[in-house]
Amino acid sequence: MSNTILGNIDIYMKKLIVDAMENATDLYKFFKQQSPFTTTHNCYPSARWDAINEALSNNLLKENLPFATTKKGFWDLLLFCNRENTIIFSAMRKDRFSYVCDNPEKNAPQYFDSLVTLNKNLKAIASQVTFEGSYEASDKYNQLEILCNKLPLQKNSSITHVVVVFDVYYDEITSINLYVVNSKFEIVETEDIFDTVLQSQKPNIVPEAVFDNEESSTSKQKGFVKLKNTINAANNA
């Protein structure tokens with residue numbers, strides 16, 4: 001995988017993302033503990049994103065890596081780059097990502113429709129699953145220049161968009177994957193960076209949980225808690 005787009009992203013960048021997501025979990029739990037609201041919880045979904053963006057920006061600042069926020073309606077979008085400024089990262093929850101890719105013509109946010117045009121020349125690997133449909137994204141909303149101008153990208157250089165796709169179970173982040181999707185919403189590459197970071201720290205460790213379709217969602221969550229604890233133990237070793 002070392003000669004692929006995702007394979008060329010250094011392990012420190014992947015670890016930065018994983019660490020930030022785990023820090024965001026703690027921030028979100030702290031917010032819920034301090035929240036005075038008990039009847040309704042409309043602020044919770046936004047608070048999760050604020051926690052993720054806060055944790056990511058803190059880690060990026062420590063490493064002197066570029067990032068920018070852009071106002072999208074009443075929503076603040078965080079974009080960030082790798083050290084070489086050749087990749088733009090955005091983040092999306094797994095169910096939202098699937099919803100967008102199932103019917104991108106109808107469901108893709110304007111910013112995402114524009115960002116995936118950066119990958120328009122990338123071809124999906126035949127052995128990988130691709131999303132059905134003939135829709136091809138374009139920068140019809142003229143969002144791309146606005147998004148890219150906020151980041152220190154080199155003009156006339158090849159820029160790739162990578163989306164950080166994460167899943168949650170109650171208050172735990174249970175998976176973190178990187179996806180490269182082209183403008184036809186076909187999967188070009190994907191990588192489980194939870195597993196990548198674990199293996200980089202303890203190469204001989206075999207994760208305790210092996211998931212299959214017959215497992216319950218509860219057992220999946222417990223498996224990832226074990227996996228996260230192993231990562232944390234490796235960090236403290």
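Computed from a predicted model, the values in this text were never measured in an experiment. Quick note: numbers below take in every heavy atom, side chains included, and nothing from hydrogens, waters or symmetry partners. Residues take their numbers from the sequence shown, with the count starting at 1.
- Looking at Glu172 and Lys29, a side-chain N of the basic residue comes within less than 4.0 Å of a carboxylate O on the acidic one, giving a salt bridge.
- Taking the six-membered ring where the residue is Trp, Tyr179 and Phe97 present tilted rings, their angle falling between 30° and 60°.
- Atom CZ of residue Phe166 and atom CG of residue Asn177 lie 12.0 Å apart, to the nearest 0.5 angstrom.
- Annotation for Phe37: hydrophobic cluster partners, listed by chain and number, are none (ILVMFWY side-chain heavy atoms under 4.5 Å, direct or chained).
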*What do the steps show when you test Phe89 against His161 for ring-ring contact (aromatic ring centres under 6.0 Å, His included), and what is the final call?*
CA-CA 6 Å; Phe89 293 90; His161 172 244; 8.6 Å; no
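- A side-chain N or O of Lys72 and one of Gln143 form a donor-acceptor pair less than 3.5 Å apart.
- Of all heavy-atom pairs between Ser175 and Phe194, the closest is CA-CD1, 3.9 Å.
- Taking all atoms of both residues into account, the shortest heavy-atom contact from Ile88 to Cys81 is CG1-SG, 4.4 Å.
- The OG1 atom of Thr160 sits 9.0 Å away from atom CD of Glu189, with the distance rounded to the nearest 0.5 Å.
- Note on Tyr135: it clusters hydrophobically with Leu118, by side-chain heavy-atom contacts below 4.5 Å among ILVMFWY residues.
- One side chain, Asp139 or Ser114, offers a donor N or O that lies under 3.5 Å from an acceptor on the other.
- From Met13, atom CE reaches atom CG of Leu6 across 12.0 Å, with rounding to the nearest 0.5 Å.
- Counting non-hydrogen atoms of neighbouring residues, nucleotides and ligands closer than 6.0 angstrom, the CD atom of Gln34 exceeds 12 such neighbours.
- Within a 6.0 Å radius of NZ in Lys140, more than 12 heavy atoms belonging to other residues, nucleotides or ligands are found.
- Atom NZ of Lys71 sits in a crowded spot, with more than 12 heavy atoms from other residues, nucleotides or ligands closer than 6.0 Å.
- In this structure a side-chain-to-backbone donor-acceptor pair under 3.5 Å is present from Asn182 to Leu122.
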*I would like to know whether Asp171 and Lys32 meet salt bridge (Lys or Arg N to Asp or Glu O under 4.0 Å); could you show each step before the answer?*
CA-CA 10 Å; Asp171 291 341; Lys32 289 182 68 176; 3.2 Å; yes
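- When the side chain to side chain contact (heavy atoms under 4.5 Å, CB included) test is applied to Lys120, the partners found at least two apart in sequence or on another chain are Ser183.
- Using modelled atom types and a 3.5 Å distance limit, the side chains of Asn82 and Thr86 yield a donor-acceptor pair.
- One distance of note links CD of Glu22 with CD1 of Ile176; it measures 6.5 Å at 0.5 Å rounding.
- Evaluation of the ring pair (Phe, Tyr, Trp, His ring centres under 6.0 Å) rule for Phe67 yields no partner, not counting sequence neighbours.
- Here the side chain of Thr25 pairs a donor or acceptor atom with the backbone of Met21 at under 3.5 angstrom.
- At most 12 non-hydrogen atoms from other residues, nucleotides or ligands lie less than 6.0 angstrom from CZ of Phe30.
- For the pair Asn85 (side chain) and Pro152 (backbone), a donor-acceptor distance under 3.5 Å is present.
- Ring geometry, Tyr28 versus Phe31: the interplanar angle falls under 30°, so the pair is classed parallel (tilted spans 30 to 60°).
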